[in-house]
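Here is the structure we will look at.
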Amino acid sequence: MLASLRQSSPADTAELAAVHALLRCLIREVAAPREEVWPAEPYLFLRVADHLLRVRSHGGIALRFDGAAQELCGGTWRRLTVDRLAELTETEMTRRTGTANGEFARQVAESRDAVAALLHARERAVPPEDPWLASEQSLVLGHPCHPSPKAPGGPGWLRYAPESFARFPLRFVAVRRELAASAGDASALDRLGPAAPEGYLPLPVHPWQLELLHDELAEPLADGRLIDLGYGHGPVHPTSSVRTVYDPGGRVCLKFSLDVRITNCVRKNSWYELAGAVELSRRLGPVLESVARDHPGTRWLAEPGYRSADLGLRLLEGLGVIVRQDPWQVVGPGVTPLLAGSVAAPGDRSAAALAAACGDPLAWWAAYLDRVAPPVFDAYLVHGVVLEPHLQNVLIGIDPEGFPVEAVFRDMEGTKLVAGRHDLTGLPDGVAGPLTYDADRGWSRVVYCLIVNHLAEIAATLAGPQAADGADLHRRLWAIARDRLARYADRHDRHDRLTALLTGEPLPAKANLVVRWARSADRAAGYVPVANPFHLGDHDATALRSAR
Ligand SMILES: Nc1ncnc2c1ncn2[C@@H]1O[C@H](COP(=O)(O)OP(=O)(O)OP(=O)(O)O)[C@@H](O)[C@H]1O
Ligand SMILES: [Mg+2]
């Protein structure tokens, strides 16, 4: 959408994007479950709070829209603003849930304004030369199915926003050795900034978090439990999650706590997540090695250690930093990692652009599927590991021609072990509990992240609008996906879960609007059923033959 609107102002682009994002949530979570949405070419119609709305749509369950949405007002179709759509949403959601939410409309409007500010900032700033970093910093519109994807976390947010091409130095404190909290190997932190005096260890702090923890840090800094070391060696770059930064000099990623709300969560590394990330990294090594033997091109970013300061829970969690591998260190020679989310969005390195440059979109898609899907299914079915392969947690490695040759999986926070399939004795309950999912919950997470959040978006981008034969291409893409999945299922004794997917059972989609409306924690988010794209109709034999 960004590309097709290049001519319009940042404010207009942001307004339209905000309408589209909220509309996607309404269709998925409110109208579809009540059968109050229906297609009548070229429009999709829906009813919200007794009002009839319409928008031109394509892209299957990814719900891509062309142009403005409209509301029927006294016999005339009028352009729908996001303020009006938020108002209709408030009426509908209050009616359905019996609860009001006085901050919802403001969050929607602030998210729209933030997107406009980001677009504006990008017109003046210089993008990073590193193509992976550029992809991390390209998610200007954010999560496509969230009512307020870019609602800012607090004042001054633009200074630290990846999408504004921000770069900034980290601040370092020294923590007295006996007060240092750590697990695993966090020695990478020792070479990123000023050396700590004898008896202390260096600890990098995100400058935004330093501001937020100002009051809590005053005492330990005054009495010498901590020492302010000043700034690090060079600028770091925020990645798509905002709180994880890349240090190109140190060749490492650092996942910080940030006590601000980004989409559904205050981005704090809880004490058990700090320990859990390191524990999972230790256990995942052999699992991912085994997966990679069967599926060459499988890579992952280990989180080998964390460090913090044992100065009470607030500072232990607030200062906790997780060390994560640099993607450039794990990909093969000549391979460029790109954030899957950026490949799903329009642009020079979109799925459509890369596939077109290769000359065979169907072969490109088949290769993409083969890199991303089997490792995720293997991890779950063979090893009892739930990866979280949504668009922001996967990097696709492309060769110099732009062809998908590797997939890099990351983010231990969302990675879980299937309960009952791992020996967790010895781990404290507080760490073991959050590390595990029961088998059904884990499978829902896998299917949502991989198919609904990820592959459906890549397919929609590859197919493009229907006007350009997108509908036909879309069908052929899913025919290929179904064929790939059927072959995978054959190799795995037609596992019941895979068979159910192939029969077309509805898929789970995360209910971001409902969870935001209820102001609940992200982990409380439920799912709503959406159509299963593996069941689009008969196989297209031509499409299958031309996939390599
Ligand atoms: N399609 C998408 N699916 C999920 N998250 C998305 C998507 N597009 C953008 N995002 C954004 O990416 C972030 C994903 O959050 P997540 O919890 O996976 O990351 P994190 O744990 O904070 O950091 P990291 O990924 O660096 O470990 C959120 O800020 C979310 O809004
Ligand atoms: Mg993530």
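For the numbers below, each heavy atom of this structure counts, side chains included, while hydrogens, waters and symmetry mates do not. For ligands, and for the atoms within them, numbers begin at 1 and follow the listed sequence.
For E505, there are no side-chain hydrogen bond (donor to acceptor under 3.5 Å, both in side chains) partners, not counting sequence neighbours.
By the 6.0 Å and 45° rule, R299 does not stack over the aromatic ring of F409.
The side chain to side chain donor-acceptor pair (under 3.5 Å) with Y246 is formed by just one residue from the set D130, D326, T239; it is D326. For the side chain to side chain contact (heavy atoms under 4.5 Å, CB included) with C449, the lone residue among E388, Q392, H454 that qualifies is E388. Checking D411, N269, T244 one by one against K255, the side chain to side chain donor-acceptor pair (under 3.5 Å) holds for a single residue, D411.
Atom 30 (C) of ligand 1 has T263 OG1, 3.8 Å as its closest protein atom, hydrogens excluded (heavy atom only). Protein heavy atom nearest atom 21 (O) of ligand 1, with residue, atom name and distance: K255 NZ, 2.9 Å. Among protein heavy atoms, the minimum distance from atom 17 (O) of ligand 1 is reached at R267 NH1, 2.8 Å. Counting protein heavy atoms only, atom 1 (N) of ligand 1 is closest to N453 OD1, 3.2 Å. The protein heavy atom nearest to atom 11 (C) of ligand 1 is Q392 CG, 4.3 Å. Nearest protein neighbour of atom 29 (O) of ligand 1, counting heavy atoms only, is I262 CG2, 3.3 Å. Shortest contact from atom 22 (O) of ligand 1 to any protein heavy atom: R243 NE, 2.7 Å. Among all protein heavy atoms, the one lying closest to atom 9 (C) of ligand 1 is H143 N, 3.6 Å.
Listed by chain and number, the protein atoms of type N/O/S under 2.8 Å from the Mg ion (ligand 2) are Q392 OE1, N393 OD1, D411 OD2; waters are omitted.
Under a 3.5 Å cut-off, the side chain of D348 and the backbone N or O of A353 do not form any donor-acceptor pair. No donor-acceptor pair under 3.5 Å is formed between the side chain of R349 and the backbone N or O of S135. The backbone N or O of F104 lies less than 3.5 Å from no partner atom in the side chain of R516, so there is not a single donor-acceptor pair. No donor-acceptor distance shorter than 3.5 angstrom exists from the side chain of E457 to the backbone of A344, with no hydrogens or angles considered. The closest donor-acceptor contact from the side chain of E303 to the backbone of A277 lies at 3.5 Å or more, if one exists at all. Within the 3.5 Å criterion, the main-chain N or O of A292 finds no donor-acceptor partner in the side chain of T298.
When each atom of ligand 1 is checked for a heavy atom of T244 under 4.0 Å away, the hits are 23 (O), 24 (P), 26 (O). For ligand 1, the atoms lying closer than 4.0 Å to a non-hydrogen atom of E413 are 21 (O). Below 4.0 Å from some heavy atom of L391 lie the following atoms of ligand 1, by number and element: 1 (N). Atoms of ligand 1 found under 4.0 Å from any heavy atom of N393 (numbered from 1 in listed order, with element): 18 (O), 25 (O).
Considering backbone and side-chain N/O of R410, none are found under 3.5 Å from N/O of ligand 1. On a distance-only criterion, S240 and ligand 1 share no N/O pair closer than 3.5 Å. At under 3.5 Å, not a single nitrogen or oxygen of T239, backbone or side chain, sits near a nitrogen or oxygen of ligand 1.
Here the straight-line distance linking atom CE of M412 with atom CG of N393 works out to 9.0 Å at 0.5 Å rounding.
Heavy-atom separations between M412 and ligand 1 are all 4.0 Å or longer.
Residues F534 and W478 have side chains in contact (heavy-atom distance under 4.5 Å, counting atoms from C-beta outward). In this structure the side chain of Y160 never reaches within 4.5 angstrom of the side chain of L258, judged on heavy atoms.
Of the listed residues (H390, K510, R261, E303), the one carrying the non-hydrogen atom nearest atom 18 (O) of ligand 1 is H390.
Counting heavy atoms under 4.0 Å from ligand 1, residue E457 does not touch it at all.
Between E15 and R112 there is a salt bridge, since a side-chain N of the basic residue sits under 4.0 Å from a carboxylate O of the acidic one.
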